[in-house]
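Just so you know, ligand 1 is whichever comes first in the structure, and atom 1 is the first atom listed for that ligand.
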Amino acid sequence: MLVIGESTNRQRLGLYGYERDTTPELMSIKDDLLVFDQVYSPRPYTIETLQQVLSFADEKNPDLYLKQPTLMNLMKQAGYKTYWVTNQQTQTKRNTMLTTFSKQADEQIYLNNNRSQDSAQYDGVVIKPFEKILNDKTDKKFIVVHLLGTHRKYHYRYPENFSFFSGNKHLPKWLSDRQVEEFNEYDNAVRYNDHVVSTLIKSFKKSKKHGYLVYFSDHGEEVYDNPEHLFAGRNEGAPTSQMYTIPFLLWQSDSWKKHSSLEHKQSTIVHRAYSTSDFIYTWADLAGITFAGFDASRSIVNPLFTNHPIWIGDPDNPKKLRDLQIQPFSDMRRGIQLGQEKHHLI
Ligand SMILES: [Zn+2]
């Protein structure tokens with residue numbers, strides 16, 4: 001199972017050392033998880049990122065998603081029935097590409113018919129359809145769940161009873177009243193996302209099915225994290241770490257753990273620096289699928305993994321691409337600096 005999140009910066013997750021308790025439920029199951037702490041998205045936008053994440057395309061070869069098989073094609077060919085459950089909008093022009101990806105699955109469940117992103121639509125709606133698919137009789141299945149996560153406007157992303165953080169106690173003094181409100185709303189959205197992702201994991205565990213679940217966010221989000229320029233959102237032209245640092249988690253059933261034997265290596269592999277543009281190699285590796293062109297050095301869980309450049313930027317402007325291995329971000333406030341392995345907060 002693949003859970004794709006939305007606009008969630010890992011530096012705002014308690015699980016990654018953020019001082020606020022935004023991830024109580026994931027914290028309570030963290031011994032069951034591999035928590036990768038140096039994973040980056042190649043771009044700060046949903047569609048542009050997923051074109052790379054779900055295919056062989058990357059910053060240097062951005063068009064390969066049109067020419068080579070995608071993750072959905074790969075899983076189908078390997079004999080899996082494929083499902084796409086989404087709480088993202090499917091009715092707007094901007095999201096046509098997402099609909100195209102989802103149509104590559106055998107079955108689609110579209111749960112969000114809003115035309116405006118500024119409307120309340122909670123990710124909890126994915127849980128029931130997911131459980132139904134999980135427990136149906138199909139033997140080999142590949143389920144993608146696409147969440148709205150912590151997309152702006154943040155207060156539309158969580159129900160009233162998840163309104164946990166308020167006021168400006170412990171918050172940076174430079175924030176205006178409205179910014180304090182949005183800062184809190186973002187953390188509340190992260191806390192609700194924590195609930196949804198952990199509920200999916202717990203359902204999977206309870207089903208006793210043989211398998212694994214990966215969760216990551218498509219990209220990050222800046223929400224007034226930097227006093228030098230108070231900004232909320234994402235801007236590829238003025239990149240900050242918050243727009244690219246993403247949570248990346250792996251849960252495996254007990255039977256899968258034995259089968260995959262990743263466990264003994266987990267203390268080192270979780271600190272590998274990685275771009276989700278190479279995700280298709282990790283996924284194929286986890287699923288035990290090999291194919292011509294499989295590159296083990298691009299799988300974050302493979303013993304043959306090696307460091308690759310972590311490119312960010314607009315691939316239409318190749319000279320301007322930035323390799324985070326060479327030019328890391330210097331503005332990580334609550335997370336972990338690239339390459340500083342001693343700084344673990346988990
Ligand atoms: Zn997105």
message = Quick one, F142 with W283, criterion ring-ring contact (aromatic ring centres under 6.0 Å, His included). Give me CA distance, side-chain angles, the key distance, then yes/no.
response = CA-CA 11 Å; F142 170 48; W283 184 269; 5.2 Å; yes
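- Classified by interplanar angle (parallel below 30°, tilted 30° to 60°, perpendicular above 60°), the ring pair F216/F248 is parallel.
- Using a 4.0 Å cut-off between charged side-chain N and carboxylate O, R152 and E185 make no salt bridge.
- Checking H219 against E236 by side-chain atom types alone, no donor-acceptor pair falls below 3.5 Å.
- Around the Zn ion (ligand 1), the protein N, O or S atoms found under 2.8 Å comprise E6 OE1, E6 OE2, T46 OG1, D218 OD2, H219 NE2.
- Annotation: cation-pi geometry satisfied between K60 and W311 (NZ/CZ under 6.0 angstrom from ring centroid, within 45° of ring axis).
- Within the cation-pi definition used here (under 6.0 Å to the ring centroid, within 45° of the axis), R10 qualifies as a partner of Y40.
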